[in-house]
Amino acid sequence: MGKFSRLGNHLYSGEKSIDFVGRKWLWYSISVLIILGSTLGLAVKGLDMGIEFVGGAEYKVKVAQADQELADQLRNDIASTGIDAAQQPVVTTSGQDAILVQVKPLTTAENAEIKDTIAATTDTSASEISATEIGPSWGQEIAKRAGTGLVVFLVLVVLFIWAYFREWKMSVGAIVALAHDVVITIGVYALSGFEVTPATVTGLLTILGFSLYDTVVVFDKVRENTKNLRESRTTYAKAANLAVNQTLVRSINTSVVALIPVGAILYVGAVQLGASTLKDLALALFVGMAAGAYSSIFIATPLVVQLKAGETDVIQAEKRDKARQKKVEADRYATVPAFTEDMPIHDEPGVGRVPEGDGPVARPADPSQAPQAPEAAGRGRIAPQAHGPVRPSTAAGRQQPTRQPRSKRGKK
């Protein structure tokens, strides 16, 4: 984690940078391939709509003890009958002495076969099983309300982003990212073969909020970095790319923390509990959250930069940056930074720091730096070496002559 934290600090300060904006066509290509695969799976396999949307039959049987083990056994026996409409039955317990079985619409012969299977598994007679037809009107009403909620949500998203950022192009980027997430989620759902239930609709609406939250955080940093392009002496693309790098570690941490529990729910719902509403909700959340984290980093911000490339302020910032680059190429020493109070402090060559304050520790010298030759003596920098030892003077004890001024010489 220490290396990851240091990487986050370097990305935030700009010492290291990943070119998200400059490689936008690579990210666009990856997204297009994923969307094409999702669309192809949706066209070939289609969505397996649950009985709440297409109607079906519900069977209720009284048993001595209704537990999960009996429900799992009944689910497997019904699925093994080979009836297409009963391949994914919904089997739940109702109280302590009843079990409910829901399947898609059946023919008369298939209905009789399902009743016989339920009777054989629960050790009851077919006459004690009550069957009820389920109409698709309730599921259609749910789908209609979900569509209405989606339209209202998208309209509110556009208005909120436009009012908060004062930028309609950011609204376009957010909507494209949301559509990207929904299409991928629906395509993966179709390829997985899971049934579409009301829990699936709930999951789809939930991932819209998660994706929008991550996108707004990145956009807020973009606005902060691009507030004054002239004073910051940079371009809109560079400032936006820095914003994505600064929020990258946070986006990864947030997504991983959110995906771990959702992945656990998906495993329990799909593997441990079999056919249940948990797996439907968890799959939509898992795929949608992963796609939302990807789109907020790789799609939304590069698209906004591309949309703003024709604005006057952005073009002028690009021209100023090119002019500065020409000056740098003409005089490389012009880029030597002046000292400021917030400059980073670096260790001196050959001396390192220890974390617990034990004092400086010698480090191996940089091999790229050649050792300096000793300076020659007599150049005013160092004293010359003595020719021999210093001996006592023979003039000790005698009066030494003194030099008098010229005006007093010869006057005795």
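In this chain, residues are counted from 1 in sequence order.
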Exercise for the section: Would you indicate whether the side-chain heavy atoms of Thr234 and Asp321 approach each other to under 4.5 Å? Expected result: no

Exercise for the section: Could you pull out all residues at least two apart from Gln316 that satisfy side chain to side chain contact (heavy atoms under 4.5 Å, CB included)? Expected result: Arg230, Thr312, Asp313, Arg320

Practice task
Return the set of residues passing ring pair (Phe, Tyr, Trp, His ring centres under 6.0 Å) with Phe160 (not counting sequence neighbours), or none when no residue passes.
Solution key: Tyr164

Handout entry: Nearest-0.5 Å distance that lies between atom CD1 in Ile83 and atom CG in Leu106
Key = 6.0 Å

Exercise for the section: With sequence neighbours left out, write down each residue that passes ring pair (Phe, Tyr, Trp, His ring centres under 6.0 Å) with Phe210, or none if nothing qualifies. Expected result: none

Less than 3.5 Å apart, which donor and acceptor atoms pair up between the side chains of residues 39-46 and the rest of the protein, not counting sequence neighbours?
unit_1 : atom_1 : unit_2 : atom_2 : d
Thr39  : OG1    : Ile35  : O      : 2.8
Lys45  : NZ     : Leu191 : O      : 3.2

Exercise for the section: Taking atom types as modelled, find out whether Thr121 and Asp77 have a side-chain donor-acceptor pair closer than 3.5 angstrom. Expected result: yes

Exercise for the section: Could you tell me which residues satisfy side-chain hydrogen bond (donor to acceptor under 3.5 Å, both in side chains) with Tyr236, sequence neighbours excluded, listed by chain and number? Expected result: none

Handout entry: Side-chain (Asn253) to main-chain (Val249) donor-acceptor, under 3.5 angstrom
Key = yes

Problem - Test item: Gln246 and Asn225 side chains (from C-beta on) under 4.5 Å apart, heavy atoms - result: yes

Exercise for the section: Determine which pairs satisfy ring pair (Phe, Tyr, Trp, His ring centres under 6.0 Å) with at least one residue from residues 287-318, sequence neighbours left out, and list them in order. Expected result: Phe20-Phe298, Trp27-Phe298, His180-Tyr294, Tyr294-Phe298

Practice task
Drop me the distance from Leu204's CG to Leu208's CG, to the nearest 0.5 angstrom.
Solution key: 7.0 Å

Practice task
Supply the atom-to-atom distance Thr215 OG1 to Asp220 CG, rounded to the nearest 0.5 angstrom.
Solution key: 12.5 Å

Problem - Test applied, side-chain contact (heavy atoms from CB on, under 4.5 Å); reference residue, Val101; option that passes from Val61, Ile129, Val91 - result: Val91

Problem - Contacts of type side-chain hydrogen bond (donor to acceptor under 3.5 Å, both in side chains), residue Glu318, not counting sequence neighbours - result: none

Completion exercise
Here the ring pair (Phe, Tyr, Trp, His ring centres under 6.0 Å) pairs for residues 61-119, sequence neighbours left out, are none

Practice task
Taking the side chain as every heavy atom from C-beta outward, state whether Val287 and Tyr189 have any atom pair closer than 4.5 Å.
Solution key: no

Practice task
Could I get the full list of side chain to side chain contact (heavy atoms under 4.5 Å, CB included) partners for Ala98, not counting sequence neighbours?
Solution key: Lys60, Lys62, Ser94

Handout entry: Partners passing side chain to side chain contact (heavy atoms under 4.5 Å, CB included) against Asn76 (at least two apart in sequence or in another chain)
Key = none

Practice task
Please name all residues satisfying side-chain hydrogen bond (donor to acceptor under 3.5 Å, both in side chains) with Thr81, sequence neighbours left out, ordered by chain then number.
Solution key: none

Exercise for the section: Check whether any side-chain N or O of Lys24 sits under 3.5 Å from a backbone N or O of Pro302 as a donor-acceptor pair, and report yes or no. Expected result: no

Problem - Met170 and Val222, any side-chain heavy atoms less than 4.5 Å apart - result: yes

Exercise for the section: Scan residues 244-263 for pairs that pass salt bridge (Lys or Arg N to Asp or Glu O under 4.0 Å), counting only residues two or more places apart or in two chains. Expected result: Asp214-Arg250

Problem - Pairwise distance OG(Ser255) to CD1(Ile297) - rounded to 0.5 angstrom - result: 6.5 Å

Problem - Spacing of CE belonging to Met289 relative to OG1 belonging to Thr185, to within rounding of 0.5 Å - result: 10.5 Å

Problem - Side-chain (Glu311) to main-chain (Lys308) donor-acceptor, under 3.5 angstrom - result: no

Exercise for the section: Determine yes or no for a side-chain-to-main-chain donor-acceptor pair under 3.5 angstrom, with Asp181 supplying the side chain and Gly288 the backbone. Expected result: no

Handout entry: Side-chain donor/acceptor of Ser31 to backbone N/O of Tyr28, under 3.5 Å
Key = no

Exercise for the section: Report the distance from atom OG1 of Thr122 to atom OH of Tyr59, rounding to the nearest 0.5 Å. Expected result: 13.5 Å

